[in-house]
Amino acid sequence: MIEPFQTPRKRAAALLAWYDAHRRDLPWRAGPGERADPYAVWLSEIMLQQTTVATVRGYYEAFLARWPTVEALAAAPLEDVLAAWAGLGYYARARNLHACAGRVARELGGRFPQSEAALRGLPGVGPYTAGAIAAIAFDAPSAAIDGNVERVMARLHAIAAPLRQAKPLVREKVEEMLPAARAGDFAQALMDLGATVCTPRAPNCGACPLAADCVAYRCGVAEAYPIKGKKAEKPKRRGAIFVLQRGDFALLARRPPKGLLGGMSAFPATPFDRDVPPDDWLGFAPCPAAWRALPESVAHVFTHFALSATVFVARTTSPRPLGSAGRWAALSDLDKEGLPTLMRKAAAAAGLL
DNA sequence: TAGACGTGGCA
DNA sequence: TTGCCAAGTCT
């Protein structure tokens, strides 16, 4: 029989002991006793928003190698940062990353603020990220509440309310656990526990240092938490993507600075904010041409809708399609253009990749 | 406040 | 194949 730890402080101590034995080795994580680089912590935290560790690893290494300091990142053109971010998704993160680097480099002397409140004022830094940077980079006793932590707390205390409404209670429960020392380790321990033990499906409660205190586990219903809100259904939309070739070049346009795929390089296309029926497609072509629809359409699922896009291809010899604000990109360099995944799919369908 | 905002992996 | 999920933020 396991004795309950009983107090939040003892729970935290048990969690830290577990962390010392089971912590993950991650590229952005300082070794035991080492000081974390605030720039590296910030960069990794932005990339990790709604994105898996496995996906982030390569991008993190590439960014850090190319832009080793916040000053270097701030000095880079936004287009370069967006191209390097291509494929990671949620491109507002990259725009905010660049804006934030600029502010830190030019207004804050290249140093990230240490307080949670000051961090919170930076572009792209919300409640979670501010707490995470304050704790991990500066060892401040801040709560870093992400999806992992919400799940752990929802189970530990069998919180019945849907997550959105349970946030204040979750925060209260985390804050009463915050240890006086090792704040950064505590924040990462809670997230590691959620990522490796207290998983969404089939949690490994037998390996959990908090199991003795976990209300949901003791009731045999750990997997039933957290309670999920109702999911909005995902509409299906149709559209078209236009791949215009001129010799060994293809026409690329710059997406509007905000909104879906904002700021990214892309082939001209129909608007994606609504379903566009086939009869209307050619009205959105960048120029009149002998457009040929490829037999296989491209399927792509965004967060809030699913797109089926027909890819049209055509060739031209005219130097500049009328009324288009595009540019001619060399086909041999297309993989370096930083195309978002939907556009990479279109390029592949057209035989360009 | 609820919706906008990407992508890839897994059951 | 479909749905769910992963270190959220902005409006």
Less than 4.5 Å apart, any side-chain heavy atom of A:Trp42 and any of A:Leu122?
no
Would you tell me whether A:Arg29 and A:Gln188 have side-chain atoms, one donor and one acceptor, within less than 3.5 Å of each other?
yes
P-based separation of B:dG6 from C:dT1 [nearest Å]:
25 Å
Short of 4.0 Å, heavy atom to strand atom, which residues of residues 301-310 of chain A count as contacting DNA chain C?
none
When all nucleic acid strands are considered with a 4.0 Å heavy-atom cut-off, which category describes A:Thr129: base, sugar-phosphate, or nothing?
sugar-phosphate
Taking the P atom of each, how far is B:dC5 from C:dT2, in whole Å?
23 Å
Minimum-distance nucleotide to A:Arg120 side chain [options: C:dC10, C:dT11, C:dT9]:
C:dC10
Does A:Ile241 reach the side chain of A:Phe284, with side-chain heavy atoms less than 4.5 Å apart?
no
Report the residue (A:Trp28 or A:Lys231) whose heavy-atom-nearest nucleotide on DNA chain C is the more 5′ of the two.
A:Lys231
Counting the atoms with a prime plus P, OP1 and OP2 as sugar-phosphate, which does A:Leu261 contact under 4.0 Å by heavy atoms, base, sugar-phosphate, or nothing?
sugar-phosphate
Going 5' to 3' along DNA chain B, which are the first and last nucleotides with any atom under 4.0 Å from a heavy atom of chain A?
B:dA2 to B:dG8
Would you jot down, in residue-number order, the residues of residues 163-198 of chain A having a non-hydrogen atom under 4.0 Å from DNA chain B?
A:Arg164
Atom pair CZ (A:Phe302) and OG1 (A:Thr341), whose distance is rounded to the nearest 0.5 Å
9.0 Å
Looking at A:Gln50, does any N or O in its side chain come under 4.0 Å of the phosphate oxygens OP1/OP2 on C:dG8?
yes
Quick test of your reading of the model: are A:Asp280 and A:Arg274 salt-bridged, counting only N-O distances below 4.0 Å?
no
Ion pair check, A:Arg35 and A:Asp139, cut-off under 4.0 Å:
no
Could you check, using the six-membered ring where one of them is a Trp, whether A:Phe267 and A:Phe242 have ring centers closer than 6.0 angstrom?
no
Mapping A:Ser44 and A:Arg201 to their closest nucleotides on DNA chain C, which lands nearer the 5' end?
A:Arg201
